[in-house]
Amino acid sequence: MKNTQMSEENQISSYMNTEGQKINNLSVRFPGYNEVHVKPSQADPSVYQWDHDHIVYYDGAIKNNKVLLWLTGTGGTTRNVPAEFFKTALNQGYRIVALSFITDPGVSQICIGPKLDVDVNCAAKFRRQRIYGDTSFPDIPDQYQDAIIPRLIKLFKYLSINDPGGQWSQYLNQSTGRPAWSKIAVGGQSQGGGMAEFIAKNASVARVISFSGGWDYSNSRTKQIAGWYSQQFVTPLSNIYAAYHVKEIASQQLAAKCKAMRIPSGNLFVGNQNVSSTNINYSNPYHVESLSNPVYKASWIKMLGSGR
């Protein structure tokens with residue numbers, strides 16, 4: 001039984017380690033929209049690892065719309081983005097910030113088996129360090145300047161100075177210097193979706209848009225879903241949206257996680273269409289289907305709502 005369980009975990013973890021590279025290539029452009037590239041080390045000279053560009057897309061004619069903060073999956077970078085979904089988000093009126101942050105290793109590669117035996121809160125500690133950088137979690141290389149929120153704050157400050165036409169200071173609370181979460185929707189795929197959900201537990205964001213977002217355990221042998229999912233969320237549950245495919249490897253775990261979070265049924269989208277030709281050769285092709293297959297565009301629009 002133990003060997004069977006670990007084999008399944010390894011299968012999922014191995015896939016997650018490369019899934020972020022299996023969306024769409026960044027060679028795609030969005031005509032009519034501004035595109036800004038900023039290396040994390042430009043915005044914060046203390047950054048020395050995982051220095052792939054932050055990438056920003058926006059319509060310069062719209063001055064006070066919402067930002068969609070995009071967080072990729074394990075092993076992914078901003079060099080690969082979900083092009084059709086991004087195009088839909090832009091059409092819905094959003095600005096997009098594809099944030100560069102450390103994505104490897106993922107939670108499912110660290111917080112499993114014996115590690116969870118000694119610390120049932122492993123996943124929450126992992127996510128807190130990767131998002132806020134304010135705790136001690138030596139199993140991952142992330143430093144404070146690598147964490148998602150510090151990098152986002154530095155990016156907004158950098159853009160406020162270097163792209164003044166974008167009026168980026170509106171996305172920071174001028175009293176606290178923290179993100180103005182009421183103007184920021186947080187979306188992501190796999191590990192990134194789980195990060196979006198964890199942020200929503202601690203802040204009231206405009207929306208959460210999670211595609212096959214992480215399924216953390218408190219006991220990976222019994223597949224007991226981590227306790228943080230059932231805790232109170234600061235973001236209203238009516239603003240939390242999730243999608244996954246019924247045929248992906250972790251579909252049962254994702255269903256259990258969504259139930260623990262109490263996501264409203266009208267905000268949950270479970271795909272059941274055949275795999276698209278672009279994903280058919282991957283080891284877990286359905287894991288990216290709800291995000292990459294345009295057949296689900298109507299669901300994307302419901303999840304996104306209006307960015308204005």
Side-chain angles (χ1 to χ4, degrees), residues 15-24 26 50 52 54-57 66-86 88-89 94-108 123-124 126-132 142 146-149 151-152 155 179 181 184-203 205-216 228-229 233 235 239-245 248 250 254 257-258 261 263 267-269 287-292 296 299-300 303-305 307:
Y15 177 77
M16 287 181 66
N17 194 39
T18 56
E19 62 77 25
Q21 301 173 19
K22 296 176 177 178
I23 306 295
N24 291 309
L26 190 60
W50 212 273
H52 311 291
H54 301 307
I55 304 175
V56 176
Y57 304 97
K66 295 172 186 172
V67 163
L68 172 63
L69 170 61
W70 182 254
L71 306 173
T72 191
T74 301
T77 72
T78 54
R79 288 189 293 237
N80 297 272
V81 299
E84 290 299 322
F85 175 74
F86 272 23
T88 303
Y94 282 92
R95 301 179 179 206
I96 297 175
V97 171
L99 195 81
S100 175
F101 68 102
I102 296 175
T103 65
D104 191 13
V107 179
S108 70
F126 180 115
R127 289 194 185 276
R128 178 149 202 107
Q129 178 63 12
R130 184 151 288 177
I131 293 168
Y132 301 101
D142 309 45
D146 303 314
I148 290 168
I149 304 305
R151 286 196 175 195
L152 178 64
L155 175 61
W181 289 117
I184 303 171
V186 190
Q189 200 270 341
S190 198
Q191 180 190 157
M195 296 301 178
E197 293 162 352
F198 198 90
I199 291 170
K201 186 175 78 72
N202 298 297
V205 303
R207 281 192 181 221
V208 169
I209 303 165
S210 176
F211 292 95
S212 300
W215 50 93
D216 302 350
W228 72 263
Y229 289 115
F233 277 63
T235 297
N239 291 343
I240 299 177
Y241 294 79
Y244 64 91
H245 197 285
E248 62 179 288
L254 287 163
K257 177 210 71 173
C258 292
M261 289 177 63
I263 296 176
N267 292 10
L268 182 59
F269 301 88
H287 187 50
V288 295
E289 272 292 288
S290 62
L291 172 63
S292 63
Y296 299 113
S299 298
W300 300 345
M303 296 172 78
L304 287 161

Not counting sequence neighbours, which residues clear side chain to side chain donor-acceptor pair (under 3.5 Å) with [X]? List them please.
X	value
Lys66	none
Trp50	none
Arg127	Asp216

From [X] [atom1] over to [Y] [atom2], what is the distance, rounded to the nearest 0.5 angstrom?
X	Y	atom1	atom2	result
Leu291	Thr72	CG	OG1	8.5 Å
Phe211	Glu289	CZ	CD	12.0 Å
Tyr241	Ile263	OH	CD1	11.0 Å
Arg128	Asp142	CZ	CG	14.0 Å
Ser299	Leu268	OG	CG	10.0 Å
Arg207	Thr235	CZ	OG1	12.0 Å

For the residue pair [X] and [Y], establish whether any side-chain heavy-atom pair is separated by less than 4.5 Å.
X	Y	result
Asn202	Ile131	no
Ile148	Leu99	yes
Val56	Val67	no
Ser210	Lys257	yes
Ser212	Leu254	yes
Val205	Ile184	no
Gln189	His287	yes
Tyr296	Glu84	no

Sidechain-backbone polar pair: [X] side chain, [Y] backbone, donor-acceptor under 3.5 Å:
X	Y	value
Trp300	Phe86	no
Asn267	Ile240	yes
Arg151	Ser100	yes

Original post:
Should the ring pair Phe85 and Trp70 be called parallel, tilted or perpendicular, given that the plane angle runs from 0 to 90° and is split at 30 and 60?
Top reply: tilted
[X] to [Y] - nearest heavy-atom pair and separation:
X	Y	result
Tyr94	Gly305	CE1-O, 4.0 Å
Leu71	Ala196	CD1-N, 4.2 Å
Ala124	Phe198	O-CZ, 3.7 Å

Original post:
Under the side-chain contact (heavy atoms from CB on, under 4.5 Å) criterion, do Thr103 and Thr77 qualify, and how do the steps go?
Top reply: CA-CA 8 Å; Thr103 65; Thr77 72; 5.6 Å; no
